[in-house]
Protein chains: 2
Amino acid sequence: MALDSPAKAPNSRRTILDAAAACFARQGFAQTSIDDIARAIGATKGKIYHHFRSKGELLSAVRKSSILLTSAQVEPVFLANQAPRARFHSMAMAHVRAMIEQLPYHRVVIENLRKGDIGPSTPHERALMQEIRTLQRGYEDLFRTVITQGMQNGAFHSQPVSVALHSVLMLLNAPVFWYHPRQGETAADRVAIARQIADMALAALTPRAEPKDPLP
Amino acid sequence: MALDSPAKAPNSRRTILDAAAACFARQGFAQTSIDDIARAIGATKGKIYHHFRSKGELLSAVRKSSILLTSAQVEPVFLANQAPRARFHSMAMAHVRAMIEQLPYHRVVIENLRKGDIGPSTPHERALMQEIRTLQRGYEDLFRTVITQGMQNGAFHSQPVSVALHSVLMLLNAPVFWYHPRQGETAADRVAIARQIADMALAALTPRAEPKDPLP
DNA sequence: CTAAAGCATACTACCAAGTATGTTTTAAGG
DNA sequence: CCTTAAAACATACTTGGTAGTATGCTTTAG
């Protein structure tokens, strides 16, 4: 019996995770009881505690899924051989599209960003959180790399990287706070939103020509 | 005995609010007990429940304070008669400076943005939340106004206002997630950070000249 | 056929919000 | 000053909700 191997994992885990993400996203983590999640999938606590050791581990699993989902969308774009501006723009679009397409997962993560730094947890959970932090760092480094290269390149405005990185990432994450699918919204609409935000993010990094207010 | 008048209010309320904001910001709202807050000011539950009816009202009070504090910094700048770009930039700087100067208050608000939309609450609390939403709307409208004018003016890139507004506001709010005062940090350092972020926000709204990646 | 995985049910333990009530301090008036 | 009532707080208690557990039943796989 492998402890960690998700080898033969049926989709029970995934079903639970989806429900958990949905509940956490709708009511918040603390306001969601395990029974809520169980009821959402027509089951009971037993099923959930059979697959996850604790509520915290459930949250950790959602967080990990979120990062993996986003990485799966963005990393291929990152690996394509493009110049900094084009590369950043396509990465940004992929990121935003991921945000709005799996909204529950990502909303949970953003709203519980600082939950990883504190709180008691079993040694087993500490390890999980460490792994998540590593994944998170790795993902951020994709953008950090592109931004740094762009600055050296002259493609981006030269400025403190850390502040720029965090600011731009938050800009790309912003949809989790306000986005909600409109009536009769098409995939093209979502792409348009993603493009607008990606454009703004790119502009935020662009060297400025010191434009002035138009004279009256 | 006036029910709502903060007329003769000593600084007991403010003391409690400061402690609550600090605790909520450090441990999160749900992870903070009333006793935690009481202990932080060397008192007991009794004192807190004498000034606030419930934990939720405490959170609401923090939220309200946050908005009022920010407004107090930004509104004067808004009222000064400047062209859109200059006006937006000074508003943005004031906003960011408020974020990092009263970090606990604003962090609490951002991390509990969606708590206002849900949750049970007494009729009295519903009213309070309604008032807060009104204040929030009013504050956002300051930026909405400037952005809209700038777009008509040609000072800003023309694009859907709502998305642009939310995106830029989140960019300005971002410091609450990552900022923490560094060793020997001066006021000038904080201004520099605020300027960098304000510059990025302004750039995000600026009309683009379709810059290309520099050729290798 | 049997053992383990998968899940349901019933129960326990505990924490923290809220309350009831008692005690001290303040402020005003005689 | 002394009285007294209200405000300002402390202490002790009640209670609901929920995480986690113990246990038993059912399905699947070998």
Side-chain angles (χ1 to χ4, degrees), chain A residues 1-20 23-24 26-62 112 115 118-125 128, chain B residues 1-20 23-24 26-62 112 115 118-125 128:
Chain A
M1 169 180 50
L3 273 174
D4 286 328
S5 90
K8 59 169 172 232
N11 39 18
S12 279
R13 272 184 74 97
R14 178 58 51 181
T15 303
I16 296 175
L17 269 189
D18 286 343
C23 290
F24 291 162
R26 180 158 15 92
Q27 318 171 350
F29 176 71
Q31 288 69 40
T32 300
S33 75
I34 301 287
D35 300 278
D36 286 339
I37 302 172
R39 205 174 316 121
I41 58 176
T44 67
K45 295 166 90 82
K47 180 167 187 173
I48 294 179
Y49 276 104
H50 180 76
H51 290 277
F52 300 91
R53 302 192 188 181
S54 71
K55 193 182 175 186
E57 185 173 319
L58 206 43
L59 176 60
S60 293
V62 171
N112 298 282
K115 287 261 184 1
I118 53 174
S121 55
T122 119
H124 169 260
E125 291 224 351
L128 224 175
Chain B
M1 166 184 49
L3 274 173
D4 285 326
S5 91
K8 58 170 175 232
N11 38 20
S12 279
R13 273 183 74 98
R14 178 58 51 183
T15 303
I16 296 175
L17 270 187
D18 285 343
C23 289
F24 291 162
R26 182 157 14 92
Q27 318 172 352
F29 175 72
Q31 287 69 39
T32 300
S33 75
I34 301 288
D35 300 278
D36 286 339
I37 302 172
R39 205 174 315 121
I41 59 177
T44 67
K45 296 167 90 85
K47 179 167 188 174
I48 294 180
Y49 277 104
H50 181 74
H51 291 275
F52 301 90
R53 302 190 189 182
S54 71
K55 193 182 176 187
E57 185 174 319
L58 207 44
L59 176 61
S60 293
V62 172
N112 297 282
K115 287 260 181 5
I118 53 177
S121 56
T122 121
H124 168 261
E125 290 226 351
L128 223 176

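Below, each value reflects all heavy atoms present in this structure, side chains not excepted, and no hydrogens, waters or symmetry copies. Here is how names work: the chains are called A, B, and so on, in the same order as the sequence lines, proteins then strands, and each is numbered from 1.
The base of dA17(C) lies close enough to the side chain of Lys45(B) for a donor and an acceptor atom to sit less than 3.5 Å apart.
Spacing between atom CD1 of Ile34(A) and atom C1' of dT9(C) amounts to 17 Å, rounded to whole angstrom units. Whole-Å rounding puts the Arg13(A) CZ to dA5(C) C1' distance at 15 Å. To the nearest angstrom, C1' of dG18(C) lies 12 Å from NZ of Lys55(B). The separation between Glu57(B) atom CD and dA17(C) atom P is 15 Å, rounded to whole Å. Atom C1' of nucleotide dA17(C) and atom CG of Leu59(B) are separated by 15 Å, given to the nearest angstrom. Straight-line distance from the CD1 atom of Ile48(B) to the C1' atom of dT11(D): 15 Å, rounded to whole Å. Atom P of nucleotide dA16(C) and atom CZ of Arg39(B) are separated by 9 Å, given to the nearest angstrom. To the nearest angstrom, C1' of dT21(D) lies 19 Å from CZ of Phe52(A).
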Exercise. Could you give me the CA-CA distance, side-chain angles and deciding distance for Leu58(A) and Leu17(A), then say whether side-chain contact (heavy atoms from CB on, under 4.5 Å) is met?
Key: CA-CA 7 Å; Leu58(A) 206 43; Leu17(A) 269 189; 4.2 Å; yes

Practice problem: Start with the C-alpha gap between Thr15(B) and Ser12(B), add the side-chain angles, then the distance that decides, and say whether side-chain contact (heavy atoms from CB on, under 4.5 Å) holds. | Solution: CA-CA 5 Å; Thr15(B) 303; Ser12(B) 279; 5.6 Å; no

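Between Ala43(B) and Tyr49(A), the residue whose closest nucleotide on DNA chain D is further toward the 5' end is Ala43(B). Mapped onto DNA chain D by nearest heavy atom, Gly46(A) and Asp36(A) fall at different nucleotides, with Asp36(A) at the one closer to the 5' end.
In this structure, Lys115(B) contributes its side chain and Gly28(A) its backbone to no donor-acceptor pair below 3.5 Å. At distances below 3.5 Å, not a single donor-acceptor pair connects side-chain atoms of Glu57(B) with backbone N or O atoms of Glu125(B).
As judged by a 4.0 angstrom heavy-atom cut-off over every strand, Thr44(A) is placed among the base-contacting residues.
Going from atom CG of Leu128(B) over to atom NE2 of His124(B) covers 5.5 Å, rounded to the nearest 0.5 Å.
Relative to the side chain of Ser12(A), the nucleotides dT19(C), dC7(C), dA8(D) differ in distance, and dC7(C) lies closest. Distances from the side chain of His51(B) to the nucleotides dC7(C), dA17(C), dC9(D) place dC9(D) closest. Listed candidates were dA17(C), dA8(D), dC7(C). Nearest to the side chain of His50(B) is dA8(D).
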